[in-house]
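What follows is a short report on a single structure.
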Amino acid sequence: MLTVRAPATSANLGSGFDVFGVALERPADVVRLEKADRVTIEMTGAGSQYIPEDPDKNTVGAVAEALDAPAHIQIDKGVRPASGLGSSAASAAAAAVGLNELYDRGYSREELVPIAAKGEAVVSGDAHDDNVAPSIMGGFTIATDKGVTQVDADIPLVACLPDIVVSTRDARNVVPETARVDQMVETVGNAASLTTGMHRDDPELVGQGMHDTVVTPARAQLIDGYEQVREAALAAGATGVTISGAGPTVIAACAEEDRRKIASTMLDAFGERGVDARVYQTRIGGGAEVF
Ligand code: HSE
């Protein structure tokens, strides 16, 4: 019997659509795994009533199949599904790391990323590594078809999750199919600034690099109050604000001393639109831990 804590994550960070991701210190899923003859799943925690326990429809079922590692898997959700905080990826990451250890499969953390992504594909219809990579490896990750590059960055963050549901499928349908060259030039500059900021633990440079004029504006329409919350967070000292993953969570980078004020400002801004929200004062953290 093993217990794995796998962190929630934030993908994209504005300029790194489908590539960048960070592990969050909190919240996290806690998953208990016990060897069994077949895969069975038991769900508890945030939004667990909406997640199927059928192994064919749950992210962890595909992971167990890929590792040929049947188990009884109890998942205590720390973050609700369809939040933009890599909820399904956290469960898939925990299952991949835990089953690899339980069955002594010997895969490295990096090798487990595409295995966990198979679980992601069950719910999103497409395999993305940008959430599973940071949940497994921790820190800031750059996931491409050549593999994953990881940086142990330390940046304070605020993640504000409104009581709105945005499905990843819907959020992907509004992504523009083309971008202008000037937008491409700007995106390359911002992504490079963000990456440098992660290496330097510099919230100013990271925030600056979160700016995106291609995907984020299209998705913002799906989040009631996004512009107001973004402006309020920037006025309270956030160095950058964007949509976390496919949304609806709005994520802000900041200096440590501004974090509390930004968190309450973001909550208030959603409140003024009549939208309930919860906020996580967090930072970039480590990857999945086995107990
Ligand atoms: N990069 C993905 C997206 C994250 O924004 O659609 C969700 O899987």
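Order of appearance sets the numbers: ligands from 1, and atoms from 1 within every ligand. Only this structure's heavy atoms are used, side chains among them; waters, hydrogens and symmetry mates stay out.
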- Message: Which heavy atom of Arg109 sits nearest to which heavy atom of Met137, and what is that distance?
- Response: CB-CG, 4.2 Å
Heavy-atom distances under 4.0 Å decide this one: backbone, side chain, both or neither, for [X] against ligand 1?
{"X": "Asn131", "answer": "side chain"}
{"X": "Asp18", "answer": "both"}
{"X": "Arg219", "answer": "side chain"}

- Show which atoms of ligand 1 fall inside a sub-4.0 Å distance from at least one heavy-atom site of Phe17. 3 (C), 5 (O)
- Query: Looking at Asn12, which atoms of ligand 1 are within less than 4.0 Å of one of its heavy atoms?
  - Reply: 1 (N), 3 (C), 5 (O)
- Query: Looking at Arg283 and Asp154, does any basic side-chain N land under 4.0 Å from a carboxylate oxygen?
  - Reply: yes
- Item | Residues Arg172 and Asp18 bridged, charged N to O under 4.0 Å | yes
- Heavy atom of Gly245 under 4.0 Å from ligand 1? yes
- Query: Partners of Asp104 by side-chain hydrogen bond (donor to acceptor under 3.5 Å, both in side chains), sequence neighbours excluded?
  - Reply: none
- Student check: side-chain heavy atoms of Ile73 and Val31 closer than 4.5 Å: yes
